[in-house]
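In what follows, a structure is listed as structure tokens, so that the remarks can point back to it.
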Amino acid sequence: MEDHVFLTCDHPLNLPTISTNEPLSLEALASLRSLIINPSTPAPTISSVIETLTRSLQLSRDPLAIHHTLKLLTDMALRRPHLSGVVFDSVCSHSLLSTDSTRIAAESLDALASIAEGNRVLAPGIEELDDRLFASLCFSPSRSVRPWLLRNAERFGVQPHLLFTLFLGFTKDPYPYVRKVALDGLVGLSKNGVIEDPDMIEGCYFRAVELLNDMEDCVRSAAVRTVCAWGLMLVACKSEAKAYWSDEVFVKLCSTVRDMSMEVRVEAFCALGKIEMVSEEILLQTLSKKVIVTKKGNKSLAQCSDEQLETSGSSVAGAFMHGLEDEFHEVRKAACHSLRTLTILSAKFAGEALNLLMDVLNDDSILVRLQAFETMHQMATFDCLTVQETHMHMFLGTLVDNDTLIRSSARKILKLAKLQKLKLFRLTIDALLENLEKHPQDEADVLSVLFHIGRNHGKFVVHIIEEVFPQMEPMSNGKLGFDSVRVAALLVLAISAPLSHERDCNILPTIFSYAVTYLGRISQALSDVMNQNSLLEYLSQCSRSSGPYAIEFNFKVGEPCLPNANVPTYTSNEIIGSIAMPLPQKTGGTSEILSPTIKKPREAGTSLVEYQLEVHDEVTKSMNDILAKVKDIWPLVLSGFTNEVLRTLRSCREELATFTPDSHASAGVFSFTKQYIQIVKLLTKAWVNFLSSTHFPCGMGELDLVLGKLDRRLRDLKSAFIRLSEEEELHILELILVTCMLRLSKVEICCHLGTLRKLSSMMSRVEYLHRDGSVEPSRFIIEVGKLSSEFGSSSLNEASFNPLLIRTVLESFSLKQLVLCGRLKHMKAELDIPDNDYENPLRFVAGLPVGIPCHITLHNISAESRLWLKMTVNEDNESTQFVFLDLNHFGGCDDVRIFMFTAPFYKTPKAFSFTIRVCICMECLSEVEDVSSVKRWGPRHELTYLCREKDVYLSMVK
């Protein structure tokens with residue numbers, strides 16, 4: 001007799017009604033999934049599916065069938081919350097929880113917990129489960145179920161004291177992974193604060209100390225976290241011996257910093273940074289490899305006996321020296337990070353640690369160097385940073401480093417630095433001016449640093465300005481050198497002196513009049529202190545002052561000042577006529593500078609800048625509304641309704657076409673949204689192939705083409721827009737990871753090794769953005785991270801790929817809404833070949849180079865960007881030539897740069913005429929290096945194109 005599924009079509013939508021009297025086969029269960037995930041399935045059919053699955057759950061004895069049945073019931077509850085109660089009762093009503101199969105019981109618990117998490121009303125049902133059931137399952141012989149139960153214990157509402165007993169007991173399990181999970185459970189339990197008994201805390205702490213010597217790396221790593229967590233609890237509860245126990249915990253953690261495992265060493269230094277109380281003698285011992293045994297009465301290093309003292313001293317000796325010299329950059333970075341907290345505890349320790357941190361500034365890893373800067377900034381914030389003359393040359397050398405982040409981090413510290421000698425102050429100013437000369441794109445930040453450091457050293461500023469004043473005076477024709485960045489920097493330094501807390505910091509009033517000519521540049525740099533109107537008022541009053549400065553303003557230094565609607569906004573061009581003249585008094589509530597070249601003050605209550613910001617905010621809101629519609633189509637993509645998805649995306653593009661950006665900021669948001677919609681369209685086409693496991697609707701060749709387009713679009717989105725927020729960049733990176741996983745899921749597509757390199761590179765960036773924990777990683781990111789680790793630990797060959805595992809990871813992906821929050825700027829270029837068309841070709845001689853005149857306009861591109869002019873005759877690489885564009889040789893600024901450039905083309909063919917396709921492209925330095933380009937001249941990374949190709953017509957000289 002044919003069993004399983006009977007299909008009848010008794011409803012208008014022609015969807016099947018299912019009935020069964022026997023357990024469902026795996027094929028029948030698979031057919032039910034399409035009904036469950038389809039949002040259009042009628043309610044009667046859904047009710048029939050629930051009844052069928054419930055009956056099959058009761059009759060089936062096949063563990064695999066029960067597993068799939070529970071999965072379908074869970075999906076049903078999560079996709080249709082109004083039925084979650086029915087499904088929950090269905091699972092609870094059967095004897096699965098008391099079955100002899102531990103795995104089936106665990107899967108039943110997982111199903112119940114997942115349903116309760118989707119509907120919090122059902123949470124009490126989970127808490128009513130018997131704790132004895134959970135404990136009995138934990139003691140089952142299945143070694144794969146035990147760690148899963150321990151890892152998910154908090155989901156089932158088990159009593160904390162029972163959990164404590166189970167976790168502590170399973171730290172002696174023969175299987176290392178079970179011991180590791182048990183220790184992690186103890187760490188989680190410590191955060192709840194429910195265990196308050198000192199004896200229990202002490203017992204847990206010493207059990208974790210024993211496991212610091214475990215044979216397995218993962219167990220020792222978890223033991224370090226447990227020692228730290230329960231050690232801090234032990235310190236808190238031992239009120240009469242806090243110092244003793246804090247030293248004890250610190251010494252135990254120091255004993256693991258030379259562990260053979262890199263992961264254990266990283267955990268050790270992370271844990272050391274959480275200790276908030278340590279004896280100074282112990283801290284100093286961590287910086288010296290020579291054991292210093294000292295005793296003070298009956299107190300000693302961690303209050304040990306002499307023999308124990310020597311052992312503890314050996315554990316602590318040179319701990320941070322070993323960490324900062326470790327072969328792995330992860331360990332060096334963790335050691336630098338832990339010093340952030342510890343340097344605050346002792347001024348002497350901070351001074352000694354600074355000597356080591358200065359050496360770290362030459363580290364090979366930029367991440368380690370940045371962490372060293374962050375540690376020094378923390379020390380400066382708490383007034384623990386005392387920079388000596390021996391340190392200055394090494395530290396100031398980083399101001400001319402090639403890396404933007406390094407220079408920025410060094411300047412950030414100088415804002416808080418307090419220098420004791422004029423010589424050190426002079427060296428610092430000279431280094432900042434050199435930074436400004438070599439990297440003009442840093443102008444705003446350098447000027448801001450000069451203002452802050454001048455405010456902290458008023459008297460030193462007076463000495464410097466007296467020496468350089470002749471450089472700041474007008475030239476013989478009465479004009480200032482407006483292109484002199486050095487003059488602008490010295491003016492900013494001078495105007496900061498009156499705001500110093502030191503007395504007698506008098507600056508000539510004329511200098512403040514000179515500063516007015518740089519009002520636009522200076523106000524942009526000092527936006528964190530005062531706005532342009534307040535700056536103008538400040539300069540006006542100082543230029544009229546003839547004695548000590550007793551000036552009161554409506555702003556506090558260090559806090560932004562809101563614009564005053566009654567004070568007009570001036571640009572530097574509007575004030576040029578007032579050079580070297582005291583500014584007039586305010587009249588009628590506005591500051592007017594009377595000069596024939598001055599424009600009339602704006603009468604409107606809203607400035608142009610405020611108006612543009614309002615317009616930009618409205619455009620951003622509209623774009624976010626469109627992006628919300630794009631996010632809502634993903635359930636249709638998962639259900640295979642491709643036509644409906646493409647129709648929705650088409651309507652979004654049509655709605656987008658109704659907007660016209662009115663400013664550069666709005667244009668960036670507009671362009672970003674337009675490209676994002678195209679990316680989702682390509683992702684939809686690629687996902688259709690992923691959904692089908694038996695055929696490929698568009699063929700493998702076309703699928704490879706779609707994934708290639710998706711790669712290029714995502715690369716453009718990531719590289720051609722600046723000022724991306726962390727959330728926006730993480731969203732793009734997640735889509736790039738999805739594309740990589742789609743490539744890996746299709747064994748027919750080659751180049752897996754290149755895809756894996758890209759996957760590893762993107763995951764590194766994702767992990768870096770998640771380092772501070774402000775943004776929670778998605779489930780897909782977590783699964784990709786696990787899979788990436790597996791790929792990294794195995795040999796990279798075709799046999800190592802498991803398409804089914806990759807498909808499982810892809811199933812965890814869900815398109816989230818992208819919310820644009822930053823002021824995006826679009827990096828683009830315009831290329832024109834003047835006086836050239838088909839009828840007016842350029843002339844050339846075959847075999848000799850020919851110059852291609854290019855009129856180039858660049859928008860929002862910094863001088864550090866690596867731009868190339870790509871010239872191609874045929875499609876093959878042999879006829880392609882690249883010419884590097886060094887933007888430091890051209891004028892303009894980052895916002896707009898316009899110049900003429902004659903590009904030499906060397907490969908002129910022996911032909912009467914030919915056409916060259918020319919375009920401007922930019923290297924994506926964050927991408928994996930292109931190995932094929934190592935031996936040839938040209939870009940070494942993947943390219944993003946900043947403009948469309950331009951045809952250049954050439955004709956041979958007859």
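Among residues two or more places apart in sequence or in another chain, the ring-ring contact (aromatic ring centres under 6.0 Å, His included) test is passed with Phe425 by His457, Phe460. Residues satisfying the salt bridge (charged side-chain N to carboxylate O under 4.0 Å, His left out) criterion with Lys438, sequence neighbours excluded, are Glu434. Here Glu864 pairs with Arg407 under the salt bridge (charged side-chain N to carboxylate O under 4.0 Å, His left out) rule; sequence neighbours left out. Applying the side chain to side chain contact (heavy atoms under 4.5 Å, CB included) test to Gln420 and every residue at least two apart in sequence or in another chain returns nothing. By the side chain to side chain contact (heavy atoms under 4.5 Å, CB included) test, Thr857 is found to be paired with Glu830, His855, His859, Val896, Ile898, residues two or more places apart in sequence or in another chain being considered. With sequence neighbours left out, Glu467 forms a salt bridge (charged side-chain N to carboxylate O under 4.0 Å, His left out) with Arg426. With sequence neighbours excluded, the residues that form a side chain to side chain contact (heavy atoms under 4.5 Å, CB included) with Ala488 are Tyr518. Remark: Glu374 pairs with Arg340, Gln371 by the side chain to side chain contact (heavy atoms under 4.5 Å, CB included) rule, at least two apart or across chains. Residues meeting the ring-ring contact (aromatic ring centres under 6.0 Å, His included) test with Phe721, sequence neighbours left out: Phe672, His826. Applying the salt bridge (charged side-chain N to carboxylate O under 4.0 Å, His left out) criterion to Lys423, with sequence neighbours excluded, gives Glu389. Considering only residues two or more places apart in sequence or on other chains, His337 meets the ring-ring contact (aromatic ring centres under 6.0 Å, His included) condition with none of them.
The line from CG of Leu424 to NZ of Lys418 is 15.5 Å long, rounded to the nearest 0.5 Å. Interatomic distance, Cys336 SG to Leu370 CG, rounded to the nearest 0.5 Å: 10.5 Å. Residue Leu526 holds its CG atom at 11.0 Å from OG of Ser534, rounded to the nearest 0.5 Å. Rounding to the nearest 0.5 angstrom, the gap separating the CG atom in Asn435 from the CG atom in Asp442 is 5.0 Å. Rounding to the nearest 0.5 angstrom, the gap separating the CG atom in Leu824 from the CE atom in Met623 is 12.0 Å. For the atom pair CD1 (Ile861) and NZ (Lys825), the distance works out to 12.0 Å, reported to the nearest 0.5 Å.
With contacts defined as side-chain heavy-atom distances shorter than 4.5 Å, the pair Ile722/Met827 qualifies. Side-chain contact between Asn362 and Met394: present, with at least one pair of heavy atoms (C-beta onward) separated by less than 4.5 Å. When side chains are defined from C-beta on, Leu539 counts as touching Leu535, because their heavy atoms get closer than 4.5 Å. Side chains of Ile453 and Ile429 form a contact here, defined as non-hydrogen atoms less than 4.5 Å apart. Proximity of Tyr945 to Asp716: side-chain heavy atoms (C-beta onward) are nowhere separated by under 4.5 Å. The shortest side-chain heavy-atom distance between Val529 and Leu499 does not fall under the 4.5 Å cut-off. In this structure the side chain of Leu858 reaches within 4.5 angstrom of the side chain of Leu887, judged on heavy atoms. At least one side-chain heavy atom of Leu436 sits under 4.5 Å from a side-chain heavy atom of Glu443.
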Test log, rule side chain to side chain contact (heavy atoms under 4.5 Å, CB included), inputs Leu432 and Leu399: CA-CA 7 Å; Leu432 287 168; Leu399 290 174; 4.0 Å; yes
Residues Glu655, Ile677; criterion side chain to side chain contact (heavy atoms under 4.5 Å, CB included); working and verdict: CA-CA 12 Å; Glu655 183 179 354; Ile677 292 176; over 6 Å; no
Steps toward side chain to side chain contact (heavy atoms under 4.5 Å, CB included) verdict (Leu427, Leu419): CA-CA 11 Å; Leu427 287 173; Leu419 306 174; over 6 Å; no
Worked verdict on Val492 versus Arg521 for side chain to side chain contact (heavy atoms under 4.5 Å, CB included): CA-CA 10 Å; Val492 170; Arg521 296 167 76 170; over 6 Å; no
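A donor atom on one side chain and an acceptor atom on the other are not found under 3.5 Å apart for Ser500 and Lys459. Side-chain atoms of Asp445 and Ser448 include no donor-acceptor pair closer than 3.5 Å.
In this structure, Ser408 contributes its side chain and Thr404 its backbone to no donor-acceptor pair below 3.5 Å. In this structure, Tyr676 contributes its side chain and Leu818 its backbone to no donor-acceptor pair below 3.5 Å. In this structure a side-chain-to-backbone donor-acceptor pair under 3.5 Å is present from Asn456 to Lys415. The backbone N or O of Leu536 sits nowhere less than 3.5 Å from a side-chain atom of Ser540 that would complete a donor-acceptor pair. Between the side chain of Ser523 and the main chain of Gly520, a donor-acceptor pair closer than 3.5 Å is present.
Across Leu493 and Gly454, no two heavy atoms sit closer than the pair CD1-CA, 3.9 Å. Across Ser543 and Pro509, no two heavy atoms sit closer than the pair O-CB, 3.3 Å. Contact between Pro834 and Asp832 at its shortest, heavy atoms only, is CD-O, 3.4 Å. Counting all heavy atoms, side chain and backbone alike, Ala515 lies closest to Ile522 at O-CD1, 3.7 Å. Summarising the geometry of Val461 relative to Ala494, their closest heavy-atom pair is CG1-CA, 4.1 Å, with the distance given to 0.1 Å. Here the closest non-hydrogen pair linking Phe395 and Ala410 is CZ-O, 3.7 Å.
By the 30° and 60° cut-offs, the orientation of the rings of Phe890 relative to Phe901 is perpendicular.
The cationic atom of Arg771 (NZ for Lys, CZ for Arg) lies less than 6.0 Å from the six-membered ring centre of Tyr768 and within 45° of the ring axis.
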Side-chain donor-acceptor contacts of residues 379-388 below 3.5 Å, not counting sequence neighbours, with atom names and distances?
residue, atom, partner, partner atom, Å
Thr381, OG1, His377, O, 2.8

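For the pair Asp401 and Arg369, the salt-bridge criterion is met [side-chain N within less than 4.0 Å of a carboxylate O].
Heavy-atom contacts from other residues, nucleotides or ligands closer than 6.0 Å to CD of Glu437 number 12 or fewer.
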